Number of protein chains: 2
Amino acid sequence: MAKPTKANIPITEHLAYLLAQANREINRQLELRLSKEGVPVEQWRILKVLSDGNGHSMGELAEAVLLNHPTLTKMIDRMVSDTLVYRVQDPNDRRKVLMFISDRGKVLSKRLNSLAVDQEEHILESYGDKSTSELKRLLESLIDSSN
Amino acid sequence: MAKPTKANIPITEHLAYLLAQANREINRQLELRLSKEGVPVEQWRILKVLSDGNGHSMGELAEAVLLNHPTLTKMIDRMVSDTLVYRVQDPNDRRKVLMFISDRGKVLSKRLNSLAVDQEEHILESYGDKSTSELKRLLESLIDSSN
DNA sequence: CTTCAATTGTTGAATATTCAATATTTTCAA
DNA sequence: TTGAAAATATTGAATATTCAACAATTGAAG
């Protein structure tokens, strides 16, 4: 007689595993490109978010760049030393710190962006236009459905 | 006149970012479930890979569970202390160490699997059958095209 | 008003990961 | 057969991340 339980799924069929694997691979490629500027992926994200020119609180930023608070604080400390960003106390809520991108940060951000865009284009070539946009759509929708 | 360069893409449209975000979210959910057994996601992966009953070398295992060698070595050290897995020197190539799952490891692995399957089912419900299988297909194909 | 809970960010200690160096074994060319 | 190079795993030091505690400010109830 057949077992009532579902057949054992190999790890390579778990969505969680496929996401981790794909993320690892794409991240590795991006890391490699950004390393030409000696910048970790997280700093690219931070600069990119701040490059709208607005002030962003640490909490908001942590959420946006997928880092938890203490890790972000310490990374921002380094970026402040490198004069890529700077802190301003929020005048409307003095618990908050608003982060801004510096001129130097903007210059670097532009160079990083073209490296990142290079990668996107490389993916489009090898993986295809259609698959890429479909994958992005599905990922967005997965993220939405998880909240 | 229009700029010849591509318009600045927001970070939320980069595939690398969407993958990181989705991975973070799904991983967090899985982590939460596995925490009922006090086991990190990586140990679930290790046990799952080893639960075919065969010996797997450290290199092979590191690749399969998405960890680099030194990290895996140290995690395996802990799992050996917990008697979930054990090391055997490969008789055919004495540079290698073959990892095996213990009986205790098998018992734990089964419990972890149902937690992981729970999650898959939860995703199927909220995200849909069709989207899930399509997403998996696209992820596999992205991973393939990256090698 | 006053007080107490919630929010925000940082810090220091504990933990985990990574990098470079090492040890061992195997492979392979001379 | 020998010796150098490659492959495999581990180690220890350097880095990075996380957790829990803390400090400061705000919000809100009484």
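First the proteins, then the strands, lettered A, B, ... as listed; each starts at 1. Note that the structure is a prediction, hence the values are computed from the model and not measured. Below, all heavy atoms of this structure are taken into account, side chains as well, without hydrogens, waters or symmetry copies.
- Between Q89(B) atom CD and dT26(C) atom C1' the separation is 13 Å, expressed in whole Å.
- Side-chain contact between V85(A) and F100(A): absent, with no pair of heavy atoms (C-beta onward) separated by less than 4.5 Å.
- Taking 4.0 angstrom as the limit, R94(B) places a side-chain polar atom (N or O) nearer than this to OP1 or OP2 of dT26(C).
- Using a 4.5 Å heavy-atom threshold, the side chains of L138(A) and E134(A) count as touching.
- When rounded to the nearest whole Å, the span between CD of E42(A) and C1' of dT15(D) equals 14 Å.
- Nearest approach of A22(B) to L142(A), heavy atoms of both residues: CB-CD2, 4.2 Å.
- Residues A62(A) and H69(A) come closest through the heavy atom pair CB-CD2, 3.8 Å.
- What separates CG of N92(A) from P of dG27(D) is a distance of 10 Å, to the nearest Å.
- For the residue pair T71(B) / N68(B), a side-chain donor-acceptor distance below 3.5 Å is found, with atom types taken as modelled.
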Contact pattern, 5' to 3', of nucleotides 1-9 of chain C - B, S or - by protein heavy atom under 4.0 Å: ------BSS
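- Going from atom CG of D77(B) over to atom P of dT11(D) covers 6 Å, rounded to whole Å.
- Rounded to an integer number of Å, the gap from D90(B) CG to dT27(C) P is 11 Å.
- Whole-Å rounding puts the M99(A) CE to dT10(C) P distance at 8 Å.
- In this structure, P70(B) and T71(A) both approach DNA chain D, and ranking their closest nucleotides by distance from the 5' end singles out P70(B).
- In summary, K136(A) and E120(A) engage in a salt bridge, as defined by a charged side-chain N under 4.0 Å from a carboxylate O.
- Whole-Å rounding puts the N27(A) CG to dT18(C) P distance at 12 Å.
- Spacing between atom CZ of R78(A) and atom P of dA14(D) amounts to 17 Å, rounded to whole angstrom units.
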